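Worksheet for the structure shown next.
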2 protein chains.
Amino acid sequence: MENFSQTEENYLKAIFKLSERDDKPASTNAIAGEMSTSAASVTDMLRRLAEKGLIHYEKYRGVALTEKGSKLATGLIRKHRLWEVFLLEKLRFSWDEVQDMAEQLEHIQSPELVERLDDYLGRPKFDPHGDPIPDADGNFTFRKQVFLSALNPGEAGAVVGVNDHSPAFLQYLDRIGIKLGAHLSIAERFDYDESVRVLLGEANEQVLSKKVSQNLFIQKF
Amino acid sequence: MENFSQTEENYLKAIFKLSERDDKPASTNAIAGEMSTSAASVTDMLRRLAEKGLIHYEKYRGVALTEKGSKLATGLIRKHRLWEVFLLEKLRFSWDEVQDMAEQLEHIQSPELVERLDDYLGRPKFDPHGDPIPDADGNFTFRKQVFLSALNPGEAGAVVGVNDHSPAFLQYLDRIGIKLGAHLSIAERFDYDESVRVLLGEANEQVLSKKVSQNLFIQKF
DNA sequence: TACAATTTTTAGATTGGTCTAAAAATATTT
DNA sequence: AAATATTTTTAGACCAATCTAAAAATTGTA
Ligand SMILES: [Mn+2]
Ligand SMILES: [Mn+2]
Ligand SMILES: [Mn+2]
Ligand SMILES: [Mn+2]
């Protein structure tokens, strides 16, 4: 397999993420936003990625990954998430600290290393944020989950993932005692601001804002 | 601390290695050889590195690292060797496989990661090839060692390092049963081709070529 | 449907890293 | 010391990745 630059790889990941989000071609502007770069730079790069057969690109029409591009992006996500597990499980970093390091580690080129790492970590299926880790063939484990905001009073479930990966949000969750696997049930929903009162575990009651409830993935019991 | 490109970092390492080897300024050609690039490219890069205060550079006079450049190079070597230990000890790679991966991993930017990794590995003082791992302050553990070729018949010691890091040499050592820590003594020296007959451990006798004996570091008993 | 707003692309420039070929400086040999 | 060989630098070019400003295309609205 050819090698690609870290920049090219980051573009592929960005396009993958955007297509996954909306399930339609990613726009130049959206990619520019995701990559914190100018639209002009994106157009340049799209031309190059198309030339290398990594994306389908028609001027003004947005872009989608080709099979090849998709395989590559999935591989990057696999590496990113495995390294996150390593940093958390083995080096004892917390879930709000791993992003920047994984962002670099995902570009290490060595198929053998990825497989050994996967083995060493016990072939985890999810990363520290609850995101699925694709297997070596690029298959994601699917999990039935809903936003906390979609639960009705009386319903209960386990926290299985976060939608917002920002350190600020993750640290907030640490602070109020919510971590992956935590059990909770909806005690009350306030129409006023769409906040919810939840019972966490046995005896910990908290009111969570609408924003928070829209960023927590719950697997219903 | 500013960040430098992987290329700049690799140049610093090359210069460090060359200065260490001869203890005098590194020449443009020597660096070009080390980096597998043209002398013209090296001259270009030297100008840039000098501008950034990483090297002392006078046209036609060769180059030496500044304090700043030396600190940086030492940090890279620290990372490189720690990652090698990780790959060997944790991921079970062999000593002839780790070079390429460590060459990439050494560029991961995160001081915290290095320290955690060091901790995780039990603060090793030497890497899988017997090379000393500098501590966080850049201090190398010094070890009294000689080339096997410098030993006389009757003398004995332990193999503590290799001078040649090529997979071919390391695989050869694996093949004839020499690994770090192995005990050996000189049974006989042949003037004809400067090869030596050594006793390895209890009962394993081998004749080693001049070339091999010049690439093994021995700590005398 | 025409005009305005927005998005996207193009044009032209810059920086880092590389190359080959030629010129200049240094080192070696006679 | 002069001639020759070697090393190093310069000149000029190329590619990847980026930028700003301007032009072109598309989309939304009156
Ligand atoms: Mn990345
Ligand atoms: Mn994650
Ligand atoms: Mn390297
Ligand atoms: Mn080593």
Side-chain angles (χ1 to χ4, degrees), chain A residues 1-15 18-19 21-22 24-65 69 72-73 76 103-104 106-107 109, chain B residues 1-15 18-19 21-22 24-65 69 72-73 76 103-104 106-107 109:
Chain A
M1 230 327 159
E2 314 138 81
N3 280 11
F4 300 94
S5 73
Q6 299 204 179
T7 310
E8 289 170 324
E9 292 191 338
N10 285 334
Y11 270 96
L12 290 179
K13 266 207 333 173
I15 296 166
L18 290 166
S19 318
R21 188 142 72 215
D22 311 344
K24 60 173 192 253
S27 74
T28 300
N29 256 6
I31 297 167
E34 194 68 37
M35 297 290 297
S36 306
T37 189
S38 72
S41 300
V42 172
T43 303
D44 264 16
M45 180 56 93
L46 294 184
R47 213 182 1 75
R48 280 196 297 273
L49 293 178
E51 217 143 79
K52 296 185 181 182
L54 296 166
I55 58 171
H56 296 294
Y57 172 48
E58 269 183 288
K59 284 206 268 186
Y60 296 101
R61 286 286 104 101
V63 341
L65 295 175
L72 238 138
L76 287 162
E103 204 53 57
Q104 299 176 63
E106 70 191 358
H107 302 291
Q109 306 276 6
Chain B
M1 209 12 126
E2 314 137 80
N3 280 11
F4 299 94
S5 74
Q6 300 204 181
T7 310
E8 289 170 324
E9 292 192 337
N10 285 333
Y11 269 97
L12 291 179
K13 266 205 335 172
I15 296 166
L18 290 167
S19 317
R21 187 142 73 214
D22 310 344
K24 60 173 192 256
S27 74
T28 299
N29 255 7
I31 297 166
E34 195 68 38
M35 297 290 297
S36 306
T37 189
S38 72
S41 300
V42 173
T43 304
D44 263 14
M45 179 56 93
L46 294 184
R47 211 180 5 75
R48 279 197 297 274
L49 292 177
E51 217 144 78
K52 296 185 181 184
L54 296 166
I55 57 172
H56 296 295
Y57 172 48
E58 268 183 288
K59 283 205 270 188
Y60 295 102
R61 286 286 104 100
V63 348
L65 295 175
L72 239 138
L76 287 162
E103 204 53 57
Q104 299 176 61
E106 70 190 0
H107 303 290
Q109 307 276 6

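Residue numbering restarts at 1 for every chain, and letters A, B, ... go by the order of the sequence lines. Source: prediction; values computed, not measured. Values below: all heavy atoms of this structure, side chains included; hydrogens, waters and symmetry mates excluded.
Across all strands shown, A:Thr43 has heavy atoms under 4.0 Å from base atoms, whether or not it also approaches the sugar-phosphate. Nucleic acid contact for B:Tyr11: sugar-phosphate only, since backbone atoms but no base atoms lie under 4.0 Å from a heavy atom of the residue.
Here D:dA11 presents its C1' atom at 12 Å from CZ of B:Arg47, a figure rounded to the nearest Å. Summarising the geometry, the separation between CD1 on A:Ile31 and P on D:dT18 is reported as 13 Å, rounded to the nearest angstrom. A:Glu8 places its CD atom 12 Å from the C1' atom of D:dC15, with the value rounded to the nearest Å. Rounded to a whole Å, the CD atom of A:Glu51 is 11 Å from the P atom of D:dC15. In this structure, A:Tyr57 atom OH and D:dA25 atom P are separated by 13 Å, rounded to whole Å. Rounded to whole angstrom, the span from the CE atom of A:Met45 across to the P atom of D:dT18 amounts to 6 Å.
Looking at heavy atoms from C-beta onward, B:Arg48 lies out of side-chain contact with B:Leu54 at the 4.5 angstrom threshold. When side chains are defined from C-beta on, B:Arg47 does not count as touching B:Thr43, because their heavy atoms never get closer than 4.5 Å. In this structure the side chain of A:Tyr11 reaches within 4.5 angstrom of the side chain of A:Leu49, judged on heavy atoms.
Nearer to the 5' terminus of DNA chain D, by closest-nucleotide assignment, is the contact made by A:Asp44 (compared with the other of A:Asp44 and A:Lys59). Taking for each of A:Tyr60 and B:Ser38 the nucleotide of DNA chain C with the nearest heavy atom, the 5'-most of the two is the partner of A:Tyr60.
Taking each heavy atom of B:Ile15 and B:Ala26 in turn, the nearest pair found is CG2-CB, 4.5 Å.
In this structure, B:Thr37 contributes its side chain and B:Gly33 its backbone to no donor-acceptor pair below 3.5 Å.
Using a 4.0 Å cutoff to heavy atoms of chain A, the contacted part of DNA chain C runs 5' to 3' from C:dT7 to C:dT10.
In summary, of the residues considered (A:Glu34, A:Glu106, A:Glu8), a salt bridge (Lys or Arg N to Asp or Glu O under 4.0 Å) with A:Lys13 occurs for A:Glu106 alone.
Considering only side-chain N and O atoms, A:Thr37 lies nowhere under 4.0 angstrom from the phosphate OP1 or OP2 of D:dA17.
For the residue pair B:Gln109 / B:Glu9, a side-chain donor-acceptor distance below 3.5 Å is found, with atom types taken as modelled.
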